[in-house]
Amino acid sequence: MSDEELAKDLGLLSALAVGIGTMIGAGIFVLPGIATREAGPIVVLSFLIGGVIAMVNALTVSELGTAMPKAGGAYYYINRALGPLFGSISGMGDWMGLAFASAFYCIGFGGYLTTLLDGVVIPFPGTGGVELLPTIVLGPFVLSDIQIGALLAGVAFVTVNYIGAKETGGVQTVIVTVLLGILTVFAAVGFFSFDWGTVMVDGTIAPLGYTEILPGTALVFVSYLGYAKIATIGEELKDPGRNLPIAIIGSVAIVMVVYSILVGLMVGIIPYDQIDVDTPMSDVARVIFEGNIGVIGITSITLAALLATASSANASILASARINFAMGRDKIVTDWLNEIHPKFATPYRSIAVTGFMIVLFLVVLGGEVEVLAKAASVLHLVVYALINVALVVFREADVPEYDPDFTVPLYPITPILGFVLSLGLIGFMKAIEIALGLVFVAGAVAWYGLYARNKTDREGVLSRHILSRSDEMPDAAVSAANVARPSGGTQYKVMVPVSNPRTESDLLSLASIFAKANDGIVQAVHIVEVPDQTPLLEGSEHVQRINEESRTLMERVRESTETLDVPVEVKTVVSHRSFEEVFEVAERERPDKVVMGWGPDRPWSSGRAERPLEELTHDLPCDFLVLNDRGLETDRVLVPTAGGPDSDLSAEVAKYLREQLGSEITLLHVVDSEDDRETGEAFLTEWAEDHDLGDAAVRVDASGDIEGAIAEAARDHTLVVIGATERGLLSRLVRGSLAYDVVHDVECSVLLAERPTSRSLRERLFGTRSDER
């Protein structure tokens, strides 16, 4: 079931169209008038610098996108790398940034709609008529005709998304093709109206000063927000390893060139301080089309502007709903937001809340387009800065499953540059815009502390990396990781992968002992293996029947099993690979322990040949306990030990058995000769005290034969608990052999224990002779 994926039916052209179509609405049709007032004719450089910053970040997004082609985009990468605290900041920032951007696009749409409908009056008897887009004045409260047009557009776009908008690559390709065609005609005709004398003001191209270039960049950066949307459809792309980075980088490059040419033309046709701030393209079109195609050209530009801003606004609302959905899936926001409409099949509550925010921004800030643009930019710049950090974390933590098809050049310079440039650009914004961004960041942090931290249980790679090496890390880093660590879903959980519910009640009993000792639960996962020839889609179609049969079987097992009143959850997974699925389910569910059976009658008795090396390279997600079951009796438990983390786990298991069932514990240590006996006894006594087993019987064997000593001692015991050697227990299960032949020789059950370690691949595969002891 985990292998199901979306159909890969989008090609490179469609992906390029998605990126270009999302970006081209603002940069050309809305911003030039405002930007030239701020930076002057040299604003062309502002667009170019904004494009360069976007390009650096696009390289990072490309690598992450090919490594994790999943829906959710930036939020997904940051949450997986940096954890839910930064996931909350990025998710909220992306969500609110898109809401600001949607409001900004709606204002642009409203401006061109006002131009198109200028002079249109609805006749009313006795009044002579009312303008179709009037200005409403209620005391100090004023809604301009542009705001009215924007509100109409915003409500329409939200409604379309509410009842179900199906955006396809084909439709987007047509829209972008039409837009680029109109803009090409605009550029070609406009070239003949270009006057270098219009660009130069008092002998300079920077009459407002060169220092205004970067503030201008901060304003126009909102023009480059759309490329990351390509990463959110990575799952649907053909050959994403090739097409995704080409589409992301290519769309930024194409849009950067289009912006530079067209904005350059604008300031060469109309003096920079006379370009209309609401409808700059219509203003310039009147000049260049006068005397040739006239009203047709002007109307075409106006319709193109409406199409472009509508496309950008609609795409932003669509993307915001996906981010909410991803956050709800990770329990950072309530699932209430993600309820799917029974008729329209859309996350209608999430769309409605986003729509309310857009309408609020239009009413309150509709007259401050610059604030809307910069608020969207500052929130996205924070997100882009975090994306670069996420890439560094994935690289430095050496996450085994992180295997991108595209890698950023000049690592780590590129992501560091992206981080610095993104945050640095925020410094060129006004205090109110920075404050607005900080308020949302602070709100996201507060939201995490007060709500999400207690709900979510998904740790990031960064905190796991720090906490797993707490002895090597600075205390401040360890403390910070602990403070930010999610506490939701922290109920102690013991997972039991079950291949045959009819024969594995002992596993549930054993798991219940560990769960009972920690006030936790048992999660029984019935892994139903289907042949490779059977598509999992087929399995999915029959999943309800499989689930019902599985639950019935598991209920019977639970009723006949001594579970110590511990809650038992049942789950069914259909897979081609039962052994590998154990690891994948453990990775997803994040239990504290996995208790699994081992023996010749189980599908995972010796593993399978398809991916053994890949499995071995993975760090274990939790403690693993593997029972060779010859009838679970816990009266007398033998714990051989030579020290080490796996022996620590053996001691923990023995303690649980003693506490919950009153088991008698015997500790065994093997030395090479009688001369070492005293040393061995001292070691064993100290080890027992350290592990709260001071009342256990101690037994030192001076034969130097570890397996022989265990076999001899096992004759007097009902269960042997053995820690894995440094070669690793699970690696030996994969290869179908164990270091201890005694496991096969003794008559009682044997429980093998392995704890996650930071051993290298070489050590896990080969170990050393001394490791065997």
Side-chain angles (χ1 to χ4, degrees), residues 13 16-35 47 101-102 104-118 120 133 146 149-150 152-154 156-157 160 167 170-193 220 222-226 251 254-267 269-270 275-290 292-316 369:
L13 195 60
L16 276 169
V18 168
I20 296 171
T22 309
M23 287 188 276
I24 210 165
I28 294 302
F29 295 102
V30 184
L31 278 175
I34 307 169
F47 276 95
S102 298
F104 169 70
Y105 298 139
C106 287
I107 287 292
F109 186 95
Y112 284 96
L113 188 64
T114 303
T115 300
L116 188 68
L117 300 178
D118 185 31
V120 178
L133 293 177
I146 292 176
L152 290 174
F157 299 148
V160 167
E167 185 184 45
V171 171
Q172 191 73 356
T173 302
V174 172
I175 292 174
V176 170
T177 303
V178 171
L179 279 174
L180 291 179
I182 292 174
L183 293 176
T184 301
V185 173
F186 178 90
V189 178
F191 176 77
F192 296 102
S193 301
V220 303
V222 70
S223 309
Y224 293 98
L225 299 186
S251 62
I254 291 171
V255 167
M256 188 164 57
V257 171
V258 171
Y259 287 168
S260 302
I261 292 174
L262 294 181
V263 175
L265 279 175
M266 286 184 190
V267 297
I269 294 172
I270 295 181
I275 298 176
D276 193 278
V277 295
D278 296 321
T279 55
M281 284 292 280
S282 293
D283 200 22
V284 178
R286 287 192 187 92
V287 176
I288 66 174
F289 291 132
E290 187 178 12
N292 42 64
I293 56 177
V295 67
I296 297 176
I298 298 170
T299 304
S300 297
I301 286 294
T302 303
L303 291 176
L306 291 172
L307 199 61
T309 50
S311 175
S312 296
N314 191 57
S316 297
V369 180

Any donor and acceptor pair, going by atom type alone, linking the side chain of Asp276 with main-chain N or O of Asp283 inside 3.5 Å? no
Tell me, please, which residues at least two apart from Thr184 pass side chain to side chain contact (heavy atoms under 4.5 Å, CB included). none
Shortest non-hydrogen separation from Val30 to Gly108 and the atoms involved: CG2-CA, 3.7 Å
Does the side-chain contact (heavy atoms from CB on, under 4.5 Å) test come out yes or no for Val284 and Leu265, once each step is laid out? CA-CA 9 Å; Val284 178; Leu265 279 175; over 6 Å; no
Which heavy atom in Gly33 sits nearest to a heavy atom in Ile275, and how many Å separate them? CA-CG2, 3.8 Å
Approximate separation, where rounding is to 0.5 Å, of Ser312 OG and Leu307 CG: 9.5 Å
From Thr115 OG1 over to Arg286 CZ, what is the distance, rounded to the nearest 0.5 angstrom? 6.0 Å
Within-4.5 Å side-chain heavy-atom neighbours: Phe29 and Leu183: yes
Taken in chain and number order and not counting sequence neighbours, the residues that satisfy side chain to side chain donor-acceptor pair (under 3.5 Å) with Ser300 are none
Report the C-alpha separation of Phe157 and Tyr105 in whole Å, then their side-chain angles, then the decisive distance to 0.1 Å, and conclude whether the ring-ring contact (aromatic ring centres under 6.0 Å, His included) test is met. CA-CA 11 Å; Phe157 299 148; Tyr105 298 139; 9.8 Å; no
Any side-chain heavy atom of Ile254 within less than 4.5 Å of one from Met23? no
Return the CZ to CG distance between Phe109 and Leu116, rounded to the nearest 0.5 Å. 9.0 Å
Quick one: list whatever passes side chain to side chain contact (heavy atoms under 4.5 Å, CB included) with Leu117, sequence neighbours left out. Leu113, Val120, Leu132, Leu133
Roughly how far apart are Leu180 CG and Ile20 CD1, rounded to 0.5 Å? 6.0 Å
Going by the rule side chain to side chain donor-acceptor pair (under 3.5 Å), which residues pair with Ser193 if we only count those two or more places apart in sequence or in a different chain? none
Could you tell me whether a side-chain N or O of Thr299 sits under 3.5 Å from a main-chain N or O of Ile296, the two making a donor and an acceptor? no
Smallest heavy-atom separation, Val267 atom then Gly264 atom, equals CG2-O, 3.3 Å
CD1 of Ile146 to SG of Cys106, rounded to nearest 0.5 Å, is 13.0 Å
Closest non-hydrogen contact found for Ala187 with Leu262 is CB-CD2, 3.8 Å
Sorted by chain and number, sequence neighbours left out, ring pair (Phe, Tyr, Trp, His ring centres under 6.0 Å) with Tyr112 holds for none
For Val287, give me all partners under side chain to side chain contact (heavy atoms under 4.5 Å, CB included), at least two apart in sequence or on another chain. Ile269, Ile270
I want to know whether Tyr224 and Tyr259 have ring centres closer than 6.0 Å. yes
Quick one: CG on Asp278 to OG1 on Thr114, what's the gap to the nearest 0.5 Å? 8.0 Å
Tell me every residue that passes side chain to side chain contact (heavy atoms under 4.5 Å, CB included) with Ala285, counting only those two or more places apart in sequence or in another chain. Phe186, Phe289, Ile298, Ile301
